[in-house]
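Every chain is numbered from 1 and lettered A, B, ... according to where its sequence line falls, protein lines coming before strand lines.
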Amino acid sequence: MSMPAQVPQIASPSSSAKKPLYEGSTQYKNWRFSPEKLTRIRASLNAAAVSVIRNTFEADEPGSSSNVLFLTADEEHLLVKLYISKISQLCGHFRFPEEVEATAVSYMKRFYLKNTVMDWHPKNVMLTALFLATKTTNNPISLETYTSHIPKTIPSDVLDLEFLVAQSLGFEFAVWHAHRALWGIWLDLQSLPDTPPDQSQDIYDTATMHVRASRLTDAELIYSPSQIALACMSLASPAFASQWAGSKIPSLADTLQPTIETIKSLITQAGHPPDVESVRTVDRRLKLCKNPEKVVGSKAYLAKKAEEERKAEEKRSRKADEIRKAMENGDPFGDELSWQEKEEKIKEIVDEDDND
Amino acid sequence: MANRANTGGWLQGKTVRKGGIASTNQHTARSNTPQVQSTSSTIFGGGVKDASGRTSEFFSMDDVCPVCKSDRYLNPKLRLLVSSCYHKMCESCIDRLFTLGPAPCPICTKVLRKLAFTPQTFEDLGVEKEVAIRRRMAKEFNKRREDFPDLRQYNDYLEEVEDITFNLINDIDVSQTEARIAAYRAENSALIELNIQREEQYAQALREQEEAERRDREQRALEARREEEEEREELERGHRDIINRLETSDKDAKKVIAKSRADALKRTSARSASNATATQSTSYAQLLRSRAAQSTTVPDVPHVPLQDDWYAYDDMFEMRGIYEDRVSEVVRKDREGVMRAGGYRVEDAWERALRLAVAGLDVRPLGGMDAQAEITSGDVVMASA
């Protein structure tokens with residue numbers, strides 16, 4: 001159900017050449033990066049988070065941040081990857097369709113391009129992303145059933161982050177998946193003029209395994225789903241893949257080939273879950289360098305809460321004051337404003353909006 | 001008083017059925033919703049006839065005669081009729097005022113006659129009036145597209161007709177408009193007459209054809225019955241034949257039966273061959289009818305719900321009717337269609353997958369730092385929320 005959502009109702013009539021459907025998707029527009037860009041985003045997110053947390057530590061207890069070993073961007077990514085591999089375990093447990101799993105994985109990856117592990121622990125984000133994916137792919141499950149099957153989880157763990165996750169995704173829930181493209185390639189192989197004689201189901205199953213492995217890599221953030229699917233097909237059966245690609249775009253086969261090769265090597269190198277032991281040490285360190293503002297009960301957390309509370313209270317009392325004044329003047333909607341007062345008022349409102 | 005009997009029984013409130021519900025169970029049916037009722041016998045022109053040829057009459061529980069102020073509560077048999085100046089009056093008022101000849105309308109003082117009252121079909125008298133005027137206009141302004149050399153003139157004519165109709169409906173320059181109509185009538189009397197005749201001819205032809213078809217159907221039904229009868233007799237005769245032969249001949253019983261069966265089969269095949277020629281004649285009537293339908297209907301252009309500028313890779317793949325596919329096997333094997341109940345079609349799923357397989361194949365991956373949407377660390381704002 002992801003495709004229709006991405007087709008705008010009104011296309012601009014001015015563009016003479018027709019625009020390919022995939023290029024109208026949010027996946028193409030907002031979630032396509034170069035590998036270098038991905039690295040830089042992660043690095044800058046990590047740096048920003050570290051500086052914020054360091055400041056918080058210092059504010060809490062001066063000098064306490066000097067011996068804290070913060071996570072690096074790579075370590076963060078490792079942790080995210082581990083929890084991505086956990087998604088497929090959970091999906092197997094709940095017997096969710098492949099689409100749910102793939103969507104949840106995409107949400108996870110996209111979320112951590114806008115947030116850092118030190119702010120939001122991937123375990124909770126993973127649960128929320130999966131729950132959100134069941135809803136956006138039309139495979140709903142009740143929250144109680146969902147949490148009761150996962151140990152040490154209560155509904156609020158899932159729901160608290162839901163809006164944050166959705167917001168980080170930019171509310172762009174539609175994802176184009178490689179496994180569907182692979183299915184399409186598999187079907188389309190049957191329409192080739194000289195249909196390969198031995199179309200064994202094993203090849204499809206192997207290719208599907210490679211698609212699943214590709215979910216542990218950054219492939220979907222760099223390449224189009226059809227390219228990933230073709231690469232997986234090529235890993236399973238190079239002959240079928242080249243025959244099919246040749247029938248589709250004979251002229252482009254040369255330019256496509258390097259891309260496919262890159263994806264193939266990416267999948268074979270990075271397409272496996274990380275070593276649990278190495279992740280465990282990272283996770284242990286994460287406990288020490290988590291953003292204290294996000295840890296319920298810590299001093300920084302309480303300070304932030306108090307600050308928020310104070311701001312809200314201030315706003316409320318100011319509003320109440322205004323209303324009371326207006327009531328005293330007789331007209332509950334206040335007096336007619338003079339021209340200058342109006343100007344001032346408008347400025348005040350605009351400022352207030354900016355603060356929000 | 002002799003003509004009173006001629007004009008029908010409604011003046012005595014006898015023959016005309018009106019508001020069957022209202023007169024039988026007054027108290028239960030007392031609702032304020034307006035109703036349209038059909039009266040079986042009406043002596044009036046006017047009103048609008050429904051498909052069965054009966055005039056449906058507007059009827060409401062709130063009816064009040066504007067002249068005598070009598071309402072349905074006082075007089076359950078109250079029936080309001082509409083005058084030619086489009087004012088309502090109850091039957092008893094009409095009787096009282098107009099029995100002694102033409103008299104002025106008590107509301108607008110236009111001189112009215114008793115016979116010029118018509119039953120009301122529409123709740124809104126404006127509609128009633130418009131329908132009557134349009135019916136009158138259609139009688140005289142009956143030129144067709146063929147009577148004009150080009151579309152432009154035909155459209156001008158239609159506009160003029162609409163203009164006159166509008167004037168009459170809204171009482172604008174009535175005398176002048178009437179003069180225009182009279183002038184038109186005088187000018188085109190021959191053509192009007194001709195078109196009326198054409199219309200009648202066409203209606204006549206249609207009636208005749210329908211009649212012929214009906215006869216044809218009856219004939220065929222009769223034929224079918226007769227055939228059935230014959231077949232039954234044939235079967236009986238066959239049975240008797242077999243028994244006779246078995247009685248008289250000393251051949252093997254199985255052979256005798258097989259022989260008479262073969263004979264019977266031969267006879268039935270001969271009969272069905274003669275039937276085939278009979279069906280030929282019916283298609284002629286159907287052809288005529290379809291031709292008549294063609295002349296009136298506008299060709300139906302297929303509706304395209306979504307027209308946009310998106311390229312959906314339609315030239316990159318071609319759907320086959322059926323695929324060998326293990327993924328969708330369960331759905332396709334589902335005989336009762338439980339899985340397809342929501343309108344799921346495997347073909348659609350296939351098409352979507354095929355489309356996705358070729359979508360963006362030629363998209364080059366981004367390289368370097370020249371990415372489009374600059375995602376900055378400013379987004380951490382969200383995280384601190």
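- Heavy-atom pairs under 4.5 Å with chain A were tallied for Arg326(B), Glu351(B), Met316(B); the largest tally goes to Arg326(B).
- Remark: Arg134(B) engages Glu162(B) in a salt bridge, criterion side-chain N to carboxylate O under 4.0 Å.
- In this structure, Asp173(B) does not pair ionically with Arg180(B), as no charged nitrogen and carboxylate oxygen lie closer than 4.0 Å.
- Using a 4.5 Å cut-off between heavy atoms, Pro225(A) touches chain B through its side chain atoms alone.
- Counting heavy-atom pairs closer than 4.5 Å to chain B, the top residue among Ser226(A), Ala178(A), Ala229(A), Ser247(A) is Ser226(A).
- Heavy atoms of Asp205(A) lying under 4.5 Å from chain B belong exclusively to its side chain.
- Heavy-atom distances place the side chain of Tyr313(B), and not its backbone, under 4.5 Å from chain A.
- The aromatic rings of Tyr28(A) and Tyr22(A) sit perpendicular, their planes meeting at an angle over 60°, well past the 30° parallel limit.
- Ring geometry for Phe33(A) versus Trp31(A): interplanar angle over 60°, hence perpendicular rather than tilted (30 to 60°).
- Between Arg352(B) and Asp348(B), none of the side-chain N atoms (NZ, or NE/NH1/NH2) sits under 4.0 Å from a carboxylate O, so this pair counts as no salt bridge.
- Using a 4.5 Å cut-off between heavy atoms, Leu182(A) makes no contact with chain B at all.
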